[in-house]
2 protein chains.
Amino acid sequence: MSPRRSKALPAYRSASQAARTLMVLGLLQRGPMHGYELYRIIVAHGALYADFKKPTLYHLLERLAEDGAVKVTSEAGTRGRRGERLVYALTAAGRRIFMDLLRETLGAYQPVHSGLDVAIVFMARLPPADAIALLKTRRETVLARRALVSGEGKPPPPPERATAASLAASHALGLIDAELAWIAQAISQFASAAPPPAHT
Amino acid sequence: MSPRRSKALPAYRSASQAARTLMVLGLLQRGPMHGYELYRIIVAHGALYADFKKPTLYHLLERLAEDGAVKVTSEAGTRGRRGERLVYALTAAGRRIFMDLLRETLGAYQPVHSGLDVAIVFMARLPPADAIALLKTRRETVLARRALVSGEGKPPPPPERATAASLAASHALGLIDAELAWIAQAISQFASAAPPPAHT
DNA sequence: CGGACTATAGTCAATATGGACTTTGCTTTA
DNA sequence: TAAAGCAAAGTCCATATTGACTATAGTCCG
């Protein structure tokens with residue numbers, strides 16, 4: 001009788017889904033929307049913040065509806081669209097969940113596993129010249145990202161979102177510059193480990 | 001007839017698995033090991049680098065064996081263990097894959113979605129006093145992490161891994177300090193947006 | 001010695017994720 | 001104005017991930 005898994009956490013608390021849930025609930029504060037609309041907004045942000053694919057988004061919306069965080073209403077063929085579309089609106093419970101999640105997210109240091117950490121560890125076992133070559137390539141990559149983030153030719157955000165945009169950008173830039181500094185230091189460390197070959 | 005998905009990428013190239021693959025192949029450079037041994041090493045590192053759960057590890061090892069990156073041999077009951085254990089050894093192909101993956105990982109800027117970015121964006125819509133409170137909590141969290149990473153009471157690493165350890169640590173610390181600097185700046189930004197309430 | 005407890009070494013099956021596909025409506029453009 | 005092409009709005013299902021379980025081997029304590 002007893003199900004194997006006892007419906008442990010409400011889905012939105014699982015670490016893997018917290019970021020996405022935060023994003024969806026946050027966007028719904030602008031007002032009710034249907035799934036595809038949310039999807040487009042997320043994609044338009046270049047998935048800069050949370051990235052997820054369409055099916056994941058729809059599943060998440062279903063779960064949030066089950067948990068009462070959003071209220072679903074069926075909007076019959078607006079503008080002559082096919083059959084119906086489901087429109088999602090934030091509920092009071094949803095707003096509470098959003099705040100809880102915000103607090104939890106900030107309260108946990110979620111170490112980041114982009115593979116870079118692992119790469120760093122094993123790079124140390126390479127011949128220093130190879131490690132330096134890799135680091136120089138890495139620097140190009142990071143510089144390209146920096147240009148992107150520091151907003152080459154992006155239109156300035158509308159004033160009501162200016163604060164958010166500048167906070168996010170300065171955070172991202174801080175991390176990028178920290179990595180650049182580290183790269184410089186690592187290169188010189190490897191360079192001193194392997195004195196430059198005499199120009200044979 | 002034609003399968004829906006055409007065996008697209010070798011599993012180890014999928015972004016989600018690259019970090020783990022790198023970790024496993026990297027560890028196997030120390031010599032052949034069986035699954036649980038790898039598992040313990042990863043856990044012992046506090047999942048500091050790539051974290052994965054046991055079943056994921058075993059699945060990955062299976063895939064790597066299929067792709068010829070590791071050679072599996074069955075070790076019959078060493079020390080009277082039950083039936084048999086499978087021992088995984090790195091192959092030449094595995095070594096090549098490792099290097100490719102290392103280069104690919106460093107060559108792509110994989111933005112990190114820990115939820116923090118999302119939280120930052122939406123924090124800006126809060127009353128400044130609330131945002132400041134959240135940021136101060138965050139500072140505690142990050143400081144705790146900093147203490148952990150900067151190695152409170154950890155035994156010094158064996159000399160052959162000292163370089164790796166110090167590179168990894170200085171990278172992690174750089175990111176942490178960048179976040180602390182950002183927090184300080186964000187707090188003062190919110191503070192100036194909301195002048196301190198007169199002491200009623 | 002016998003039972004209680006922990007570590008070893010995995011497997012099972014419920015959930016989550018995402019590449020590819022589908023279907024319907026809206027614009028061109030010839 | 002008909003066919004071509006593209007955007008909207010999802011769904012399907014193969015894979016990936018992981019919480020919970022199993023089962024055997026040592027270890028310690030009385």
Side-chain angles (χ1 to χ4, degrees), chain A residues 2-21 23-24 33-44 47 50-67 72 74-88 113, chain B residues 2-21 23-24 33-44 47 50-67 72 74-88 113:
Chain A
S2 68
R4 175 104 159 201
R5 169 164 320 167
S6 52
K7 181 76 163 187
L9 289 173
Y12 45 82
R13 277 180 197 292
S14 105
S16 64
Q17 278 172 290
R20 307 207 233 269
T21 304
M23 184 93 207
V24 167
M33 294 187 216
H34 60 92
Y36 199 74
E37 210 169 341
L38 283 164
Y39 176 69
R40 266 178 314 152
I41 294 176
I42 290 162
V43 169
D51 82 315
F52 38 129
K53 300 300 157 20
K54 237 172 326 131
T56 309
L57 171 59
Y58 285 104
H59 284 312
L60 179 55
L61 284 170
E62 251 173 67
R63 286 300 306 259
L64 288 173
E66 277 170 31
D67 292 344
V72 195
S74 152
E75 179 194 58
T78 318
R79 286 172 49 223
R81 282 252 179 296
R82 101 172 119 158
E84 48 165 20
R85 284 192 304 188
L86 299 180
V87 174
Y88 299 87
H113 296 303
Chain B
S2 68
R4 175 104 162 204
R5 169 163 320 167
S6 51
K7 181 78 163 185
L9 290 173
Y12 46 83
R13 276 179 198 293
S14 106
S16 63
Q17 278 172 290
R20 306 205 234 270
T21 304
M23 183 93 208
V24 166
M33 293 187 218
H34 59 93
Y36 199 74
E37 209 169 340
L38 283 163
Y39 176 69
R40 267 178 312 152
I41 294 176
I42 290 161
V43 169
D51 82 315
F52 37 129
K53 301 301 158 18
K54 235 170 332 130
T56 309
L57 171 60
Y58 284 105
H59 284 314
L60 179 54
L61 284 170
E62 252 172 66
R63 287 299 306 260
L64 288 173
E66 277 170 32
D67 293 344
V72 195
S74 152
E75 179 194 59
T78 318
R79 286 172 50 223
R81 283 251 180 294
R82 103 173 119 159
E84 49 165 21
R85 283 190 306 190
L86 299 180
V87 173
Y88 300 87
H113 297 301

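Remember, predicted model here, so these are calculated numbers, not experimental data. In the text below, chain A, chain B and the rest are named by the order of the sequence lines, each starting its count at 1.
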Rounded to whole Å, please give me the gap between CZ in Arg85(B) and C1' in dA23(D).
16 Å
Rounded to the nearest Å, what distance is computed from the NZ atom of residue Lys53(B) to the C1' atom of nucleotide dT11(C)?
17 Å
Under 4.0 Å from OP1 or OP2 of dT17(C): is there any side-chain N or O of Ser16(A) that close?
yes
OP1 or OP2 of dA16(C) less than 4.0 angstrom from a side-chain nitrogen or oxygen of Arg63(A), does that happen here?
yes
Pro55(B) side-chain proximity, nearest of dT18(D), dA9(D), dG10(C)
dT18(D)
Hey, what do you get for CG (Leu61(A)) to CD (Glu66(A)), rounding to the nearest 0.5 Å?
11.5 Å
Nearest-Å distance, CG (Leu60(A)) to C1' (dT11(D))?
17 Å
Please report the shortest heavy-atom distance between Met23(A) and Ala50(A), naming the atom on each side.
SD-N, 4.0 Å
Grab the CG-P distance between Leu61(A) and dA9(D) for me, whole Å please.
14 Å
Using the test side chain to side chain contact (heavy atoms under 4.5 Å, CB included), find all partners of Ala19(A) that sit at least two apart in sequence or belong to another chain.
none
Quick one, which residues of residues 33-43 of chain A touch DNA chain C with a heavy atom under 4.0 Å?
none
Take atom CG of Leu64(A) and atom P of dA16(C), then tell me their distance rounded to the nearest Å.
11 Å
Could I get the full list of side chain to side chain contact (heavy atoms under 4.5 Å, CB included) partners for Glu37(A), not counting sequence neighbours?
Met33(A), His34(A), Arg40(A)
Nucleotide dT15(D), atom C1' - distance to CG of Asp67(B) in whole Å:
14 Å
Could you tell me whether the phosphate oxygens of dT17(C), OP1 or OP2, come under 4.0 Å of any side-chain nitrogen or oxygen in Arg20(A)?
yes
Could you pull out all residues at least two apart from Ser16(A) that satisfy side-chain hydrogen bond (donor to acceptor under 3.5 Å, both in side chains)?
Ser14(A)
If I compare all heavy atoms of Leu57(A) with all of Gly35(A), which pair ends up nearest, and what's the gap?
CD2-O, 3.7 Å
Whole-Å distance, Leu86(A) CG to dA8(D) P, equals 18 Å
Is any side-chain nitrogen or oxygen of Gln17(A) closer than 4.0 Å to OP1 or OP2 of dT17(C)?
yes
Between Phe52(A) and His59(B), who's closer to the 5' end of DNA chain C by nearest nucleotide?
His59(B)
Can you name the ring pair (Phe, Tyr, Trp, His ring centres under 6.0 Å) partners of Tyr39(B), sequence neighbours left out?
Tyr36(B)
Quickly work out the Tyr58(A) OH to dC13(D) P distance and round it to whole Å.
18 Å
